[in-house]
*Asks:* 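Just dropping this structure here.
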Amino acid sequence: MTSQSRNAAIAARDLAVVWHPCTQMKDHERLPMIPISRGSGVWLYDFDGHRYLDGISSWWVNLFGHANPRINSAVREQLDRLEHVMLAGFTHEPVLELSECLARLLPAGLTRCFYADSGSAAVEVAVKMSFHYWQNRGRPRKRRFITLSNSYHGETLGALAVGDVELYKKVYQPLLMNVITVPSPDCHLREPGTDWESHSRRMFLAMEQALAEHADEVAAVIVEPLVQCAGSMRMYHPVYLSLLREACDRHGVLLIADEIAVGFGRSGTMFACEQAGIRPDFICLSKGLTGGYLPLSVVVTTEEVYQAFYDDYLRLNAFLHSHSYTGNPLACAAALATLAIFAEDDVIARNRGLAGRMTQVTAELANHPHVAEVRQTGMILAIETVKNKTSDERYDWRERRGLRAYEYALSQGALLRPIGNVIYLMPPYVIEPDQIDWLAGVARGAVDAACA
Ligand code: PLP
């Protein structure tokens, strides 16, 4: 059997039994499924010798490359000691070391770690915990949530309810709780001549108003700090978060920072909240937490929240949420190895150089007749394509232009997976400057392919 036919054979077997995420499976009548045999650094290899540069870090999870030797060896070592034990009534070194490490790294005051196994599950935890906090504190009316338009927090029902991406949410609306949605500070929508900070400040007025009006019935505000990633990589200024922290305190509302996508250096700092100098009441982390290795998430909160649940059992104030694989030791070992790389390699400083290179080599794209904006926050760079730059007319979503960009990039040996009409780069941090240059060239071609 040739390797070419192995690719095809695996794809055929796959399509007979696997139902893939975020996919209209019928698309694969035309679109080839790509079986990956192995990964190394920024590269993914299929079975017939093609390789693809992982320009989006496999859905934003991978930080230090595929099959990273340091993370591999940590997971391997842990595997010989303990693969899993339930976390209720039992503990293990990886989970406690990871909790100590996170408490050291996070803004002061975030000290209590509650584990789950995916980003969505972490959001469920934060939503339930913030609601339950007010119940335990004798404020049962505080049961609603404020969220931003165009936000995304995952796809389980609670997470979907506090998100606002219509494509994922609309059909399930009858199943979802009713939330208060405030216009996003998205700086792509700013008036010409307005800077990010002024726009973000102006957009905060709607949040202030919602808090003033609804504080009595609101448990928490949930936001994606600085970048609404699944919402087409729309970005805003840190001042919005500073204003939000102050207003939540003033109105007695908790603040949930969903850093599932932007945490661990993506935004240019270890955590995006650092750029606003704030400490949320809950921070949700996942994705990069394990370097992209294993499913793990955590909600880190304050002693104040923890104490609201700490009580005699018979008062039934405990937080009884659980997942079977909560705090899995292998995943925690991967997370510890990931955090060790941050500590040993001065990753944030190196990323600054890489982010600068990304800015530099994509700058000319702003002049492209179909590019409305090239925007960037740290290691996230997004290219907003439009049908008509002067009138800002958008492409009809039914034209699926992003799919053309995806296919073009694959043909060149790069994995880019545009969101609608937005082509973005979010590479692993082990990417080399010359690979960034090459990827920018592919992105340029992808824009041309999408807009032809
Ligand atoms: N929150 C944010 C900001 C995300 O970007 C995502 C995933 O993309 C999630 C939550 C959901 O995470 P998961 O896909 O692990 O459930």
Side-chain angles (χ1 to χ4, degrees), residues 20-23 54 56-63 114-130 145 147-165 167-169 172 176 179 181 184-186 220-236 240-241 244 255-267 271-273 280 282-300 321 323-328 331 334-335 338 377-380 382 415 417-420 422 424 426:
H20 288 262
C22 206
T23 300
D54 190 351
I56 59 159
S57 299
S58 286
W59 263 345
W60 326 334
V61 299
N62 191 289
L63 303 189
F114 190 99
Y115 289 87
D117 50 16
S118 69
S120 301
V123 169
E124 298 290 337
V125 166
V127 164
K128 285 176 68 178
M129 214 182 245
S130 54
F145 292 85
T147 182
L148 296 177
S149 62
N150 190 46
S151 58
Y152 178 90
H153 297 288
E155 296 182 40
T156 51
L157 293 179
L160 205 53
V162 295
D164 185 50
V165 177
L167 181 63
Y168 306 125
K169 184 168 180 176
Y172 304 107
L176 305 179
V179 297
T181 307
S184 164
D186 175 2
V221 175
I222 181 166
V223 291
E224 292 159 275
L226 303 187
V227 188
Q228 297 186 308
C229 292
S232 302
M233 303 294 166
R234 296 297 178 88
M235 300 173 184
Y236 60 91
Y240 191 89
L241 297 172
L244 180 58
L255 176 57
I256 304 170
D258 175 353
E259 294 221 17
I260 287 162
V262 296
F264 301 105
R266 270 295 159 203
S267 71
F271 301 104
C273 282
F282 303 88
I283 192 164
C284 302
L285 303 169
S286 188
K287 290 195 186 275
L289 173 61
T290 63
Y293 264 62
L294 286 158
L296 182 71
S297 61
V298 63
V299 176
V300 191
H321 185 103
H323 297 286
S324 310
Y325 285 102
T326 290
N328 172 263
T338 300
T377 297
M379 290 294 285
I380 308 171
L415 167 52
R417 197 177 198 270
I419 302 174
V422 173
Y424 68 92
M426 202 158 162

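Counting starts at 1 for both ligands and their atoms, following the listed order. Each residue takes its place number in the sequence, starting with 1. Remember, predicted model here, so these are calculated numbers, not experimental data.
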*Asks:* Phe145: what forms a ring-ring contact (aromatic ring centres under 6.0 Å, His included) with it, not counting sequence neighbours?
*Replies:* none
*Asks:* Salt bridge (Lys or Arg N to Asp or Glu O under 4.0 Å): which pairs involve residues 223-235, sequence neighbours left out?
*Replies:* Asp186-Arg234, Arg234-Glu384
*Asks:* I'd like the residue list for ligand 1, meaning every protein residue with a non-hydrogen atom under 4.0 Å from the ligand.
*Replies:* Trp60, Ser118, Gly119, Ser120, Tyr152, His153, Gly154, Glu224, Asp258, Ile260, Ala261, Lys287
*Asks:* Do the side chains of Trp60 and Ile380 get nearer than 4.5 Å, heavy atoms only?
*Replies:* no
*Asks:* Examine the side chains of Asn62 and Ser58 and answer whether a donor and an acceptor come within less than 3.5 Å of each other.
*Replies:* no
*Asks:* Main chain of Ala159, side chain of Glu124: is a donor-acceptor contact present, judged purely on distance under 3.5 Å?
*Replies:* yes
*Asks:* Restricting to side-chain hydrogen bond (donor to acceptor under 3.5 Å, both in side chains), what partner residues turn up for Lys169, sequence neighbours left out?
*Replies:* none
